[in-house]
Amino acid sequence: ANLFPKPRLECKYSLLNVAKAMEMDPEGGSLIGAGAGPFHVVGQNCELAPNLSWEGGFENVENRTHVAKIGKESGEAMVSKCPSTECALMVNLFGSSGLPGPVLKVTARGRQGSEDSFPECIRTALQAAYGDSQPVSLGGVFVVKFGEARYHIMPDFPSAPFESRDDVEKWLTYHTFAAPMVCLAVMHSADPGLGLRMEHTHCFAPDGRNTGGHYHNDVESDLSD
């Protein structure tokens with residue numbers, strides 16, 4: 001969204017303003033998800049793993065958001081904390097008030113079936129349970145405890161517009177990173193005609209390694225947890 005055929009650089013958003021638009025309580029709450037990073041702050045295009053909370057007002061923010069980018073000189077993946085509470089182009093967010101209540105805890109080891117990824121397995125199960133007439137949205141966190149998984153990281157913006165969707169795929173950089181990885185996911189069981197992105201997951205390493213980005217799937221089906 002807002003990337004093809006050329007990036008719409010005017011599309012810049014405040015995550016806290018999005019929280020207000022979601023009518024979240026200023027006394028406490030949190031946002032997680034996946035999107036494009038604030039290039040105007042970071043200095044280049046990047047992947048964003050939003051992870052922030054507030055208490056006692058939107059001005060009291062604890063920001064643990066990460067960005068993943070490709071070094072302009074090195075061409076290597078670089079992941080760091082993000083000093084900003086903004087994003088660009090697009091973002092998928094899950095908002096929580098943090099109140100006690102029922103949660104889903106899923107433990108899985110080894111991939112089976114035709115689904116490409118762990119979040120896609122959950123999304124497919126939701127779709128099977130609720131069908132197309134009752135959309136259900138879900139957000140949460142999962143941890144890749146061991147094994148390896150495949151990710152992509154957007155490089156800086158191209159100098160010329162994309163001519164096709166295939167050009168976008170060729171422009172992305174793909175990486176295989178080892179666990180552990182913390183992954184922030186947002187998904188929908190069905191699209192009620194809004195053109196939703198059905199599943200979006202961004203990850204970062206909890207130990208500070210330069211590993212992260214947009215999650216695709218595990219690459220060691222029998223070993224990943």
Side-chain angles (χ1 to χ4, degrees), residues 1-3 7-22 24 26 28-96 98 119 139-144 149 151-158 171-175 177 179-186 197 199-216:
N2 293 327
L3 180 63
R8 295 180 59 190
L9 302 183
E10 73 276 14
C11 294
K12 306 169 187 175
Y13 310 101
S14 162
L15 297 176
L16 294 176
N17 284 345
V18 173
K20 295 173 185 177
M22 293 165 65
M24 297 191 70
S30 62
L31 293 173
I32 62 171
F39 64 88
H40 51 291
V41 176
V42 176
Q44 68 174 83
N45 187 34
C46 54
E47 307 282 352
L48 186 74
N51 181 20
L52 56 87
S53 62
W54 60 90
E55 187 174 0
F58 287 117
E59 67 276 7
N60 300 317
V61 175
E62 182 178 4
N63 188 6
R64 298 188 178 184
T65 296
H66 285 71
V67 291
K69 64 183 181 180
I70 297 298
K72 293 182 180 181
E73 300 297 330
S74 67
E76 300 293 327
M78 302 173 66
V79 180
S80 62
K81 292 279 188 70
C82 181
S84 173
T85 56
E86 297 184 7
C87 67
L89 303 184
M90 64 83 65
V91 68
N92 296 102
L93 294 170
F94 168 74
S96 172
V141 180
F142 67 91
V143 178
V144 182
Y151 306 83
H152 82 234
I153 301 175
M154 294 185 293
D156 204 3
F157 295 120
W171 167 73
L172 296 171
T173 68
Y174 288 89
H175 312 263
F177 294 136
M181 297 288 276
V182 176
C183 300
L184 315 178
V186 178
R197 185 165 189 163
E199 182 271 320
H200 202 182
T201 301
H202 282 187
C203 310
F204 59 90
D207 54 7
R209 288 174 294 134
N210 282 317
T211 56
H214 176 104
Y215 173 87
H216 281 268

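A quick note: this is a predicted structure, and the numbers were derived from the prediction, not measured.
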Exam field: side chain S96 to backbone S30, donor-acceptor pair closer than 3.5 Å: no
With a 6.0 Å cut-off (strictly less than), is the heavy-atom count around CE of M90, excluding the residue itself, greater than 12? yes
How many angstroms lie between NZ in K69 and CD1 in I153, if you round to the nearest 0.5 Å? 11.0 Å
For G56 and N60 the tightest heavy-atom approach is O-ND2, 2.9 Å
Once side-chain contact (heavy atoms from CB on, under 4.5 Å) is applied, do any residues pair with S80, and if so which ones, sequence neighbours excluded? V67
Candidates V186, L31, I32, L93 - the one meeting side-chain contact (heavy atoms from CB on, under 4.5 Å) with P50: L93
To the nearest 0.5 angstrom, please state how far the CG atom of N2 sits from the NZ atom of K12. 13.0 Å
Rounded to the nearest 0.5 Å, how far does OG1 of T85 lie from CH2 of W54? 10.5 Å
Do the side chains of E76 and N210 get nearer than 4.5 Å, heavy atoms only? no
In the structure I gave you, are the side-chain heavy atoms of V79 and T211 within less than 4.5 Å of one another anywhere? no
Which heavy-atom pair separates F142 from A185 by the least distance, and what is that distance? CE2-CB, 4.3 Å
If you measure from NZ on K20 to OG on S14, what distance do you get to the nearest 0.5 Å? 7.0 Å
Sidechain-backbone polar pair: N45 side chain, P155 backbone, donor-acceptor under 3.5 Å: yes
Test item: M154 and L3 side chains (from C-beta on) under 4.5 Å apart, heavy atoms: yes
Scanning both residues in full, the closest heavy-atom pair of D156 with K72 reads OD2-CE, 3.2 Å
Quick check: do Y151 and M181 have side-chain heavy atoms less than 4.5 Å from each other? yes
What pairs with F39 under ring-ring contact (aromatic ring centres under 6.0 Å, His included), at least two apart in sequence or on another chain? F157
Looking at P158 and P7, what are the two nearest heavy atoms and their distance? CD-CG, 4.5 Å
Could you state the interatomic distance from SG (C87) to OH (Y13), rounded to the nearest 0.5 Å? 7.5 Å
Expected output: side-chain Q44 to main-chain I70 donor-acceptor under 3.5 Å: yes
Would you indicate whether the side-chain heavy atoms of R209 and P180 approach each other to under 4.5 Å? yes
Could you label the plane-to-plane angle of the H175 and F177 rings as parallel, tilted or perpendicular, counting under 30° as parallel and over 60° as perpendicular? parallel
Can you label the angle between the H216 ring and the Y174 ring as parallel, tilted or perpendicular, going by 30° and 60°? tilted
Assess the residue pair S53 and E55 against the criterion (side chain to side chain donor-acceptor pair (under 3.5 Å)); give the C-alpha distance rounded to whole Å, side-chain angles, the decisive distance to 0.1 Å, and a yes or no. CA-CA 7 Å; S53 62; E55 187 174 0; over 6 Å; no
Check for a donor-acceptor pair, side chain of N63 on one end and backbone N or O of C82 on the other, with a separation under 3.5 Å. yes
Is there a side-chain contact between H214 and H200 in this structure, where contact means two heavy atoms from C-beta onward sitting under 4.5 Å apart? yes
Within the structure provided, determine whether F204 and L184 are in side-chain contact (heavy-atom separation under 4.5 Å). yes
Would you say H202's side chain and L48's backbone share a donor-acceptor pair under 3.5 angstrom? yes
Please indicate whether E62 has more than 12 foreign heavy atoms, meaning atoms of other residues, nucleotides or ligands, lying under 6.0 Å from its CD. no
Can you tell me how far CD of E47 sits from OH of Y215, rounded to the nearest 0.5 angstrom? 15.5 Å
